[in-house]
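Since we're looking at a predicted model, the values are computed, not measured. Residue numbers count from 1 along this sequence.
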Amino acid sequence: MIPAVYTPKYQVDIGPHVFPTEKYPLIYERLSSEGIITKERVYAPKIPDKNELTRIVEPEYLDDLLNTRPTACTLSSEMPVNQGIIEAQLLCCGGTYLASQLALKDGCCYHIGGGFHHAFPSHAEGFCFLNDIVYAGVKLLEQGIERIAVVDCDLHQGNGTAKFFEHEPRVFTFSIHQEHLYPIKEKSDLDIGLENGTGDDEYLELLDSALNRIFKEFNPQFIIYVAGADPYIYDQLGSLRLSIKGLKRRDELVIGPAIEHKIPLIVVLGGGYAVDLNDTVEIHCNTARVMDTKRCS
Ligand SMILES: [Zn+2]
């Protein structure tokens, strides 16, 4: 059993859209039915105070968000600008932070949400209004955590996160992603841009050696793992060719050593657009199953 963060408010009606917000309750239900999460240890997030959010978002843009205003800063997203989705992403900031606090106590935490890594302080991008990874990172730094590694294994580069922490030596940003694809790339501390068609073996080999380097050279005190389900072979947005088994092995490579070395770790979900929603849910559930098997708490 692992601690988790979740609220039903993460499922939002955004009309016909490739982003399946219904994945969140489906993951919650599947993991609950398997006993990997239980009600007593699933914690509900809160929206952070406005003054807390101004640490990661410029005041004018925050004002647009809080008033659901369609402006250049909000309309730059590929989401409808509606109150439900903005509230969900505000909650995700609180949620990823809450997960980080639980991980400091219990070793790890699985956030059934978050991973909105394309959001910038001045504007929305992709499906992201607010960068929950950045929010939790900034708060952890304030708490005195000195070396935070963001391990971003989503299909897409974590451009918003990379840009925000570009000149912050206490946060190591690592992104392994499909190179010839959205977004316009920013500079992470370590980027691995993969060719279209990259499959399990090559991916896992490159990831393994990058992680070895990060653990050895940066020696993180905290890990934020963006466990996107979209490097999957049957994803609608990408051209990587990872199998469900390969993605589970990916989870083991990230989570295993973290737990072994007692480095607190949180998972945020990121993207996942498989042709069959059930596959996306299964890939995300596997990440929680790996955490549970490694017995982080
Ligand atoms: Zn993605």
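- Judged purely by atom type and a 3.5 angstrom limit, S239 has no side-chain atom pairing as donor or acceptor with the backbone of G197.
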For a side chain to side chain contact (heavy atoms under 4.5 Å, CB included) check, start with the C-alpha distance between H111 and C92, then their side-chain angles and the critical distance, and finish with the verdict.
CA-CA 9 Å; H111 184 189; C92 273; 4.2 Å; yes
Can K185 and E179 be said to form a side chain to side chain contact (heavy atoms under 4.5 Å, CB included), step by step?
CA-CA 9 Å; K185 309 291 179 289; E179 180 64 21; 4.3 Å; yes
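- Looking at E282 and K248, no side-chain N of the basic residue comes within less than 4.0 Å of a carboxylate O on the acidic one, giving no salt bridge.
- In terms of modelled atom types and a separation under 3.5 Å, the side chain of Q236 and the main chain of Y273 share a donor-acceptor contact.
- For the 3.5 Å distance criterion, the side chains of Y110 and D292 fail to qualify, holding no donor opposite an acceptor.
- The shortest distance between side-chain heavy atoms of P25 and Y6 falls below 4.5 Å.
- Taking the side chain as every heavy atom from C-beta outward, P220 and F172 never approach each other to under 4.5 Å.
- Summarising the geometry, atom CZ belonging to F120 is positioned 13.5 Å from atom CG belonging to L130; distances are rounded to the nearest 0.5 Å.
- More than 12 heavy-atom neighbours from other residues, nucleotides or ligands sit within 6.0 angstrom of CD on Q143.
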Go through it in stages, so that I can follow the logic: the residues are V254 and T287, the test is side chain to side chain contact (heavy atoms under 4.5 Å, CB included), and I'd like the CA-CA distance, side-chain angles, deciding distance and then a yes or no.
CA-CA 10 Å; V254 181; T287 312; over 6 Å; no
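- Not one N or O on the side chain of Q11 forms a donor-acceptor pair closer than 3.5 Å with the backbone of Y24.
- Across all non-hydrogen atoms, the minimal contact from A149 to I214 is CB-CG2, 4.2 Å.
- Taking all atoms of both residues into account, the shortest heavy-atom contact from G95 to Y10 is CA-OH, 4.1 Å.
- Taking a 6.0 Å sphere around NZ of K139, one finds it holds more than 12 heavy atoms contributed by other residues, nucleotides or ligands.
- In terms of modelled atom types and a separation under 3.5 Å, the side chain of D106 and the main chain of C108 share no donor-acceptor contact.
- Under a cut-off of 6.0 angstrom, the local environment of OH in Y234 is sparse, with at most 12 non-hydrogen atoms contributed by other residues, nucleotides or ligands.
- A distance-only check finds no donor-acceptor pair linking the side chain of H177 to the backbone of D191 [under 3.5 Å].
- Here CD1 of I37 is found 5.0 Å from CG of L31. Values are rounded to the nearest 0.5 Å.
- Counting only heavy atoms from C-beta outward, the side chains of V150 and I133 approach each other to under 4.5 Å.
- Heavy-atom minimum distance, L53 versus P48: CD1-O, 3.7 Å.
- Note that CD1 of I47 is 4.5 Å distant from CD of E87, once rounded to the nearest 0.5 Å.
- Atom CG of L140 sits about 4.5 Å away from atom CD1 of I148, to the nearest 0.5 Å.
- Between the CD atom in Q178 and the NE2 atom in H156 there is a gap of 7.5 Å [rounded to 0.5 Å].
- A 4.5 Å side-chain heavy-atom check between Y135 and F164 finds every atom pair outside the cut-off.
- What you find for A258 and L265 is that their closest heavy atoms are CB-CD1, 3.7 Å.
- Y182 contributes a side-chain N or O that, together with a main-chain N or O of G126, makes up a donor-acceptor pair within less than 3.5 Å.
- Listed by first and then second residue, the side-chain hydrogen bond (donor to acceptor under 3.5 Å, both in side chains) pairs that reach into residues 200-220 are D200-S243, sequence neighbours excluded.
- Between the side chain of S188 and the backbone N or O of F174, no donor-acceptor pair lies under 3.5 Å.
- Between R30 and N278, the closest side-chain pair of non-hydrogen atoms falls below 4.5 Å.
- A donor-acceptor distance shorter than 3.5 angstrom exists from the side chain of R250 to the backbone of C153, with no hydrogens or angles considered.
- Looking at E195 and H180, their side chains come closer than 4.5 Å, going by heavy atoms from C-beta outward.
- Here the straight-line distance linking atom CD1 of I255 with atom CE of M291 works out to 5.5 Å at 0.5 Å rounding.
- Without hydrogens or angle criteria, N82 side chain to I85 main chain gives a donor-acceptor distance under 3.5 Å.
- Nearest heavy atoms, L277 versus P20: CD1-CB, 3.6 Å.
- Every pair passing side-chain hydrogen bond (donor to acceptor under 3.5 Å, both in side chains) that includes a residue from residues 112-122 is listed here, sequence neighbours excluded: H117-D152, H118-N159.
- Residues G272 and A229 come closest through the heavy atom pair CA-CB, 3.9 Å.
- Between C73 and E60 there is no side-chain heavy-atom pair separated by less than 4.5 Å.
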Chi angles and distances behind the side chain to side chain contact (heavy atoms under 4.5 Å, CB included) call for T7, L91
CA-CA 8 Å; T7 169; L91 282 164; 4.1 Å; yes
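- Counting heavy atoms from C-beta on, the side chains of I27 and L269 come closer than 4.5 Å.
- Counting only distance, with no hydrogens or angles, the side chain of T21 and the backbone of V12 share a donor-acceptor pair below 3.5 Å.
- For R69, the side-chain hydrogen bond (donor to acceptor under 3.5 Å, both in side chains) criterion is met by D63, D64, not counting sequence neighbours.
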